[in-house]
Amino acid sequence: MEKRYMSVFLLLVAISCALGKDTGKKETKETTAKPKLPQTLSRGKKTNKKPQSQIKKSPLMIIHHLDDCPHSQALKKVFAEHKDIQKLAEKFVLLNLVYETTDKNLSPDGQYVPRILFIDPSLTVRADITGRYSNRLYAYEPSDISLLYSNMQKALKLLKTEL
């Protein structure tokens with residue numbers, strides 16, 4: 001089981017690094033004035049400092065978003081301000097993906113942002129934990145924050161009953 005987690009983690013890091021390279025871009029005044037710092041998975045937030053044994057038992061919450069997407073920014077703001085979600089998020093392993101992935105398992109119904117997937121410790125996308133839209137099952141908007149909170153609770157509850 002630990003090998004599977006490590007394999008998926010390394011795959012996600014490799015994909016993120018590959019998609020994050022600035023290949024073929026022309027240098028502009030903006031890019032030469034400020035060197036672009038490498039982006040980390042923490043995105044400036046505190047990093048997850050859970051012990052390895054606790055990570056194995058925690059569900060994974062993958063948040064796909066883009067820095068220049070107004071919908072992503074609006075959801076990010078509401079997510080950060082919601083105290084109950086912040087407290088509940090400590091029980092998850094959170095993975096922020098700023099770049100789109102080519103892994104079809106991480107985009108089961110298409111590539112759009114923002115999208116939030118819940119993954120159980122067996123590395124299975126929880127298709128039974130979705131948002132309110134039928135054409136974008138894993139999409140959440142700022143007005144859906146209470147649904148996201150209840151889905152986070154559901155993910156934790158299902159994890160406890162299934163282990």
Side-chain angles (χ1 to χ4, degrees), residues 1 4-20 39-50 54-163:
M1 181 68 75
R4 290 174 72 185
Y5 278 115
M6 188 57 74
S7 297
V8 169
F9 178 74
L10 291 175
L11 176 65
L12 290 173
V13 170
I15 290 171
S16 295
C17 289
L19 293 175
Q39 295 194 359
T40 64
L41 295 178
S42 68
R43 304 286 297 143
K45 303 287 182 188
K46 63 181 179 179
T47 56
N48 197 342
K49 296 182 180 177
K50 292 181 181 182
Q54 189 178 358
I55 289 175
K56 290 180 188 177
K57 297 176 186 174
S58 300
L60 175 63
M61 186 171 159
I62 300 179
I63 304 168
H64 294 268
H65 64 95
L66 296 174
D67 285 336
D68 58 351
C69 172
H71 303 289
S72 297
Q73 293 303 315
L75 183 62
K76 179 181 177 180
K77 181 180 179 193
V78 172
F79 188 94
E81 292 173 351
H82 197 285
K83 300 296 181 200
D84 293 332
I85 282 185
Q86 291 301 307
K87 187 175 180 181
L88 195 57
E90 293 175 5
K91 298 179 181 183
F92 287 84
V93 175
L94 297 174
L95 180 61
N96 250 336
L97 290 182
V98 183
Y99 301 102
E100 194 53 71
T101 178
T102 57
D103 185 348
K104 297 295 180 197
N105 294 316
L106 296 178
S107 54
D109 65 335
Q111 295 182 339
Y112 52 86
V113 291
R115 111 179 145 261
I116 299 175
L117 301 170
F118 293 94
I119 315 290
D120 64 21
S122 68
L123 301 179
T124 304
V125 174
R126 296 304 308 230
D128 55 339
I129 304 176
T130 61
R132 67 181 176 110
Y133 305 101
S134 61
N135 62 336
R136 297 174 292 135
L137 294 175
Y138 305 99
Y140 293 89
E141 292 183 1
S143 60
D144 302 328
I145 200 71
S146 60
L147 175 61
L148 178 58
Y149 179 70
S150 67
N151 281 348
M152 290 171 73
Q153 290 176 317
K154 183 177 179 181
L156 288 172
K157 188 177 185 179
L158 288 172
L159 177 67
K160 288 179 183 174
T161 60
E162 291 177 358
L163 285 182

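Only heavy atoms go into these numbers, but all of them, side chains included; no hydrogens, no water, no symmetry mates. In this text, all values refer to a predicted model and were calculated from it rather than measured experimentally.
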For Asp120 and Arg126: C-alpha separation, side-chain torsions, deciding distance, then whether salt bridge (charged side-chain N to carboxylate O under 4.0 Å, His left out) applies. CA-CA 7 Å; Asp120 64 21; Arg126 296 304 308 230; 3.7 Å; yes

What do you reckon, is NZ of Lys77 surrounded by more than 12 foreign heavy atoms closer than 6.0 Å? no

Would you indicate whether His82, at its atom NE2, is surrounded by more than 12 heavy atoms from other residues, nucleotides or ligands within a distance under 6.0 Å?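 Yes, because the 6.0 Å sphere around NE2 of His82 holds more than 12 heavy atoms from other groups.
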
Drop me the distance from [X]'s [atom1] to [Y]'s [atom2], to the nearest 0.5 angstrom.
X      : Y      : atom1 : atom2 : answer
Leu106 : Gln111 : CG    : CD    : 10.0 Å
Leu117 : Leu97  : CG    : CG    : 9.0 Å
Asp84  : Ser146 : CG    : OG    : 11.5 Å
Ile119 : Met61  : CD1   : CE    : 11.0 Å
Asn151 : Thr130 : CG    : OG1   : 6.5 Å
Leu66  : Glu100 : CG    : CD    : 7.5 Å

Might you work through the salt bridge (charged side-chain N to carboxylate O under 4.0 Å, His left out) test for Glu81 and Lys76, ending with a clear yes or no? CA-CA 9 Å; Glu81 292 173 351; Lys76 179 181 177 180; over 6 Å; no

Output, in order, the C-alpha distance, side-chain angles, deciding distance and verdict of side chain to side chain contact (heavy atoms under 4.5 Å, CB included) for Tyr112 and His64. CA-CA 8 Å; Tyr112 52 86; His64 294 268; over 6 Å; no

Is there a side-chain contact between [X] and [Y] (heavy atoms, below 4.5 Å)?
X     : Y     : value
Leu75 : Ser72 : no
Leu94 : Leu60 : no
Phe92 : Pro59 : yes

Under a 3.5 Å distance rule, please check whether Glu141 uses its side chain to pair with a backbone N or O of His71 as donor and acceptor. no

Side-chain donor/acceptor of Arg136 to backbone N/O of Tyr133, under 3.5 Å: no

Checking Ile63 against Leu95 for the side chain to side chain contact (heavy atoms under 4.5 Å, CB included) test, could you report, in this order, the C-alpha distance in whole Å, the side-chain angles of both residues, the deciding distance, and whether it holds? CA-CA 6 Å; Ile63 304 168; Leu95 180 61; over 6 Å; no

Determine the minimum heavy-atom distance between Tyr138 and Ala127, stating which atoms define it.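 Shortest heavy-atom separation between Tyr138 and Ala127 comes out as OH-CA, 3.5 Å.
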
Which heavy atom of Ser122 sits nearest a heavy atom of Thr124, and at what distance? OG-OG1, 3.1 Å

Kindly indicate, with the supporting measurements, whether the criterion side chain to side chain contact (heavy atoms under 4.5 Å, CB included) is fulfilled by Ile62 and Phe118. CA-CA 6 Å; Ile62 300 179; Phe118 293 94; over 6 Å; no

Tell me whether Arg132 is salt-bridged to Asp144, with the criterion being a basic N under 4.0 Å from an acidic carboxylate O. yes

